[in-house]
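Quick notes on the structure that follows.
Throughout, protein chains are lettered first and strands after them, A, B, ... in sequence-line order, and every chain is numbered starting at 1. The figures that follow rest on heavy atoms only: side chains count, while hydrogens, waters and symmetry mates do not.
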2 protein chains.
Amino acid sequence: MSDGIGLAVSAVIFALRPHRESGEQVLHLPLVRRLRAPFDDHWALPGGWVDEAESLADAAARTLEATTSLRPAYLEQLYAFGEVERSPDARVVSVVYWALVRSEEVARTRVGQNVRWFAADDLPTLAFDHNRIVDYALWRLRSKVEYAPVAQSFLGETFTLAELRGVYEAILQRPLDPANFRRQMAASDEVEPTGEFTTTGRHRPAQLFRSKAAPTAPSPWRAS
Amino acid sequence: MSDGIGLAVSAVIFALRPHRESGEQVLHLPLVRRLRAPFDDHWALPGGWVDEAESLADAAARTLEATTSLRPAYLEQLYAFGEVERSPDARVVSVVYWALVRSEEVARTRVGQNVRWFAADDLPTLAFDHNRIVDYALWRLRSKVEYAPVAQSFLGETFTLAELRGVYEAILQRPLDPANFRRQMAASDEVEPTGEFTTTGRHRPAQLFRSKAAPTAPSPWRAS
DNA sequence: CTACATAGAGTCAATATGACTCTTATCTGG
DNA sequence: CCAGATAAGAGTCATATTGACTCTATGTAG
């Protein structure tokens, strides 16, 4: 075989949280403070070593829950990073996943001293090549949201079209026309109306929708 | 660390070759005959173990050249396959790449007893989970050709639009309207006319084109 | 009851796409 | 040397999609 090569998994976990000042929904991700060298005291993506008895995806879900106690609504492999000098001293190949978690789930979570949420567009300098990894994950999320039904994973079982549009706007960082958004969703077969309506705050009640086709898995699985 | 986990690379290498009967251009890929257990005597994707001193992409290119002596015009990571029971007895994680090689390059290559080209849509039962991997690579190639300039990698420095269209037709397995294809290519900024023309066979000479934007790398690199 | 805000439907011009026609340039067979 | 045959390359037309915009319905707050 080969070896002397460490095999790790990490995850870029996205959630929507209100920005501390503006209050707008903004993409955030949880980072973990490193407690040993290399990059002692730097922030890093949650992750860990792959167990011999678990698949890569299982390892990603496990380490993600162990470090942040989050359970994602969507999980997909991002890329395997395998440059030689990614980590000083050791050779490490990281299979990185990206994940989306619902806002409810975020609230449920206690984050301690060593886990903290950061706005995705305003990160400190991270350990290893993790800044680059986050950039790539962001690019992938923003691309994928345009052609695949992933945005729903940020929301609960049912949601209004305005809420869903808010998710798209937060991801794409630009306003979308409500009427056109509604039309595209109606045509796209991604959501379906439940009969129910919001017993709303102060405006006309909005109909609740639910996702139709469950967000499809990565796609190696589509082939099977 | 972890370990006891073998880290391998494999490659799905596509080239266009005339189908043995119909003579049409068809996607082919080279497979390697296994000479030991497990799956002794089965055909498998070319690959090998990752060296401690080389990146994943380098390992893919090296093992690919070592087993098939092909040098690809395009190489991109496909997926990291890491199910527990992929390989009997051992635990192996395979980072799989997919590649495109020019037809010239194919001709230049001697393939021996233990390396053979197969039509991509008509494969035998392969070792490990390699059939599934090929299916996924095919899906990826067919998707990607619709929005990224990868088809050029099958051709040489210059080519006519008819040749390029032939590549698309072979990949997508459906005829494309010549006039519409020309229009889209003109609009797409992917190719540019050289001034030269084919000193043709028996018809009106066609202008030669070359690719404009070099086929972009995977995209973790676009972010940097 | 009035003002206001969002839900949701509809209009219109610009653009992209598929199917098709027409002209031009070359080779081949008589 | 001329008459097909064939592909190159330009152009036409009906249709679908998209962005920008308008209009009406239905709730709450005062």
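B:Tyr136 has its ring centre no less than 6.0 Å from the ring centre of B:Trp98. In this structure, A:Tyr168 has its ring center closer than 6.0 angstrom to the ring center of A:Phe181.
Between C:dG18, D:dG11, D:dG19, one nucleotide has an atom nearer to the side chain of B:Ala179 than all others, and that is D:dG11. The listed nucleotides are D:dG11, C:dT28, D:dG19; the one nearest the side chain of A:Arg183 is D:dG19. Between C:dA9, C:dA25, C:dG18, one nucleotide has an atom nearer to the side chain of A:Arg182 than all others, and that is C:dA9. Each of C:dT28, D:dT26, D:dA8 was ranked by its minimum atom distance to the side chain of B:Arg202; first place goes to C:dT28.
The residue A:Ala187 sits apart from the nucleic acid: no heavy atom pair falls under 4.0 Å. The residue A:Phe197 sits close only to the backbone: its heavy atoms come under 4.0 Å of sugar-phosphate atoms, none of a base.
Distance, A:Leu176 CG to D:dA20 P: 10 Å, rounded to whole Å. For A:Phe159 and C:dA7, the CZ to P distance is 14 Å, given to the nearest whole Å. For the pair B:Tyr147 OH and C:dT17 C1', the interatomic distance rounds to 21 Å; values are reported in whole Å. Between the CG atom of A:Asn180 and the P atom of C:dA13 there is a distance of 16 Å, rounded to whole Å. Distance, B:Gln184 CD to D:dA10 P: 15 Å, rounded to whole Å. The separation between A:Arg165 atom CZ and C:dG8 atom C1' is 11 Å, rounded to whole Å. Straight-line distance from the CZ atom of B:Phe209 to the P atom of D:dA8: 11 Å, rounded to whole Å. Computed from coordinates, the B:Glu163 CD to D:dA7 P distance equals 14 Å when rounded to whole Å.
A donor atom on one side chain and an acceptor atom on the other are not found under 3.5 Å apart for B:Gln77 and B:Tyr79.
Atom CD of A:Gln173 is surrounded by more than 12 heavy atoms from other residues, nucleotides or ligands within 6.0 Å.
Each of A:Arg204 and A:Arg174 lies near DNA chain D, and the nucleotide nearest A:Arg174 is the one positioned closer to the 5' end. For A:His203 and A:Asp177, each mapped to the nucleotide of DNA chain C holding its nearest heavy atom, the one lying further toward the 5' end belongs to A:His203.
Using a 4.0 Å cut-off between charged nitrogen and carboxylate oxygen, B:Arg142 and B:Asp135 do not count as a salt-bridge pair.
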